[in-house]
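Here's the structure we're looking at; comments come further down.
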Amino acid sequence: MVEDGKASSIQDAIFHVDENGKVTGILYDRMYHDPALTGAITVEILEREEIDWYTILGSRYKDFENIEIGRLADQLHLAFLEDYDFWDQVIANDLNLLKSGKVEIVELHDYTSSMYMIVDALQGDKPSVVVRNSTNVGGHAIVFTVGKAGTYRFRLECGFQRVNPGDYWPVPEGEDPVPDTPDDPGTGDPDPELDQKDPNAGPQAQTGGTNPNYGGGQNQDNDTAVTDEPSSPSTYTPPARPSGDTGSSGTGGTGGSQSQSGSPTVDHDNGTHETHGGQDYQVQAGDGQNHTDLGTVQEQASHDTVETPVQDDGVNEGDILPPE
């Protein structure tokens, strides 16, 4: 038996009904993308006396009621490809029926036949659903028990393969049993040895370096033309200066009269003399006052007359020393 906790986790991943009643999980995803599987599961659901075909196939049920059992899954498959709305509706009807009953994960021990798909056997490029005798190798199944319709079992190891459909779909005479190989159902070689990768044999190398659709290898049809370098003009004419009053506005505005903001310009070349035209002139400061030349101030400076910082400020006491 499968442990309850593990079985519950597997079941939720495969088949889960959300709070809105919608079925989600791997089973729905597989049926949504695989019309052959949807056909096989639909045949399994239909072939019970208690099932009304109209509830599954809708108004199109008459198109299929007289098709022999061995061709029914394939005909549904082709119909789904021609009409996606029909395909979606059948999936919804199938899952609505299955979710109405009990669902569980169980171990398999007792099957002798199964549905299989033969590659490219339908119209040369699509899988065909068949029934063959099968060697029982066990495994697990998701099992739906739906009222009077009974039990539906789909084997997990082979992608929801129906087991023991012989009650309504007999195995054709003369067919040899098909071994179930869930690890490798197609090639018979579960772990083929791969050729070692040649790091120097990319697509370009494998095609002789001549395929323009692949990168790598030598460049093809190299463009050897030299691109002309740009040169500076021999002359340059600067743009005209703006006209009008260019003084800055005290408020930063762009309109109206403008006036210079800030302190008036002061001529700091105070207290010196300049000689022009053979005459000596006393330089006046911009404020109209005579000032002692700074050089004279520096020469006459004395340590005794330099003001001591924060002296007698009523707060600081003692000497102010530089930091150690």
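As a basis for the values below, the full set of heavy atoms in this structure was taken, side chains included, without hydrogen atoms, waters or symmetry mates. None of the values given here were measured: they were computed from a predicted structure. All residue numbers refer to positions in the sequence shown, counting from 1.
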**Prompt:** So Leu76 and Val90, side-chain contact (heavy atoms from CB on, under 4.5 Å) or not? Walk me through it.
**Reply:** CA-CA 10 Å; Leu76 287 168; Val90 171; 5.9 Å; no
**Item:** Joint cluster assignment, Met115 & Met117, ILVMFWY side-chain distance < 4.5 Å
**Value:** yes
**Prompt:** Looking only at heavy atoms, which two atoms of Asn133 and Val171 are closest? And how far apart?
**Reply:** OD1-CG2, 3.5 Å
**Item:** Rounded distance [0.5 Å steps], CD1 in Ile69 versus CG in Leu46
**Value:** 8.5 Å
**Message:** Using 0.5 Å steps for rounding, measure from the OH atom of Tyr32 to the CG atom of Asp88.
**Reply:** 5.5 Å
**Message:** Between Glu44 and Arg162, does any NZ, NE, NH1 or NH2 come within less than 4.0 Å of an OD or OE carboxylate oxygen?
**Reply:** yes
**Prompt:** Between Ser114 and Gln161, which heavy-atom pair has the shortest distance, and what is it?
**Reply:** CB-NE2, 3.3 Å
**Prompt:** Is there a donor-acceptor contact under 3.5 Å from the side chain of Lys99 to the main chain of Gly21?
**Reply:** yes
**Item:** Residues that Asn164 engages under side-chain contact (heavy atoms from CB on, under 4.5 Å), provided they are two or more places apart
**Value:** Tyr111, Thr112, Ser113, Arg153
**Atom pair CG/CD of Leu72 and Glu65 - distance to nearest 0.5 Å** = 11.0 Å
**Request:** Find out if a path of hydrophobic residues (ILVMFWY) with successive side-chain heavy-atom gaps under 4.5 Å connects Ile41 to Ile67.
**Result:** yes
**Prompt:** Picking from Thr24, Val23, Ile26, what satisfies side chain to side chain contact (heavy atoms under 4.5 Å, CB included) with Phe15?
**Reply:** Val23
**Fill in**
Separation between SG (Cys158) and OH (Tyr116), nearest 0.5 Å, reads 6.5 Å
**Message:** Would Val103 and Leu98 count as a side-chain contact (heavy atoms from CB on, under 4.5 Å) here? Give the steps.
**Reply:** CA-CA 8 Å; Val103 57; Leu98 295 178; over 6 Å; no
**Prompt:** Which heavy atom of Ala149 sits nearest a heavy atom of Glu50, and at what distance?
**Reply:** CA-OE1, 3.9 Å
**Message:** Test of understanding: clusters of I, L, V, M, F, W, Y form through side-chain heavy atoms closer than 4.5 Å, transitively. Do Val129 and Phe86 belong to the same one?
**Reply:** yes
**Request:** For residues Ile105 and Gln11, report the shortest heavy-atom separation together with the two atoms involved.
**Result:** CG1-CB, 3.9 Å
**Prompt:** How long is the span from the CG atom in Leu78 to the NZ atom in Lys126, to the nearest 0.5 Å?
**Reply:** 6.5 Å
**Prompt:** When clusters are formed by joining ILVMFWY residues with side-chain heavy atoms under 4.5 Å apart, either directly or through shared neighbours, do Leu122 and Phe64 land in the same one?
**Reply:** no
**Prompt:** Above 12 or not: heavy atoms from other molecules or residues under 6.0 Å from CD of Glu49?
**Reply:** no
**Message:** When you measure from the side chain of Trp87 to the backbone of Glu82, do you find a donor-acceptor pair of N or O atoms at a distance under 3.5 Å?
**Reply:** no
**Item:** same_hphob_cluster(Phe80, Tyr84) at 4.5 Å side-chain heavy-atom cutoff
**Value:** yes
**Check: Arg132 and Pro172 side chains under 4.5 Å, non-hydrogen atoms** = yes
**Message:** Keeping Arg155 on the side-chain end and Gly138 on the backbone end, is there a donor-acceptor pair under 3.5 Å?
**Reply:** yes
**Residues Met31, Leu95; criterion side-chain contact (heavy atoms from CB on, under 4.5 Å); working and verdict** = CA-CA 10 Å; Met31 293 177 69; Leu95 297 181; 4.0 Å; yes
**Message:** Strictly below 4.0 Å, N to O, side chains only: are Asp18 and Lys22 in salt-bridge contact?
**Reply:** no
**Asked** What's the verdict on side-chain contact (heavy atoms from CB on, under 4.5 Å) for Thr42 and Leu57, showing C-alpha distance, side-chain angles and the deciding distance?
**Response** CA-CA 9 Å; Thr42 302; Leu57 304 180; 4.1 Å; yes
**Request:** With rounding to the nearest 0.5 Å, note down the distance linking CZ in Phe154 to CD1 in Ile142.
**Result:** 9.0 Å
**Request:** List the atom of Phe160, the atom of Ile14, and the distance in Å for their closest heavy-atom pair.
**Result:** CE2-CG2, 3.4 Å
**Asked** Will you find, in the side chains of Gln89 and Asn93, an N or O donor that is under 3.5 Å from an N or O acceptor?
**Response** yes
**Prompt:** In terms of the angle between their ring planes, are Tyr54 and Tyr61 parallel, tilted or perpendicular, with boundaries placed at 30° and 60°?
**Reply:** perpendicular
**Request:** Kindly give the heavy-atom pair with the smallest separation between Arg60 and Ala79, and that separation in Å.
**Result:** NH2-CB, 4.1 Å
**Asked** So with a 6.0 Å cut-off around OH of Tyr168, is the heavy-atom count from everything else above 12?
**Response** yes
**Asked** Quick one: does Leu97's side chain get under 4.5 Å of Thr55's, heavy atoms only?
**Response** no
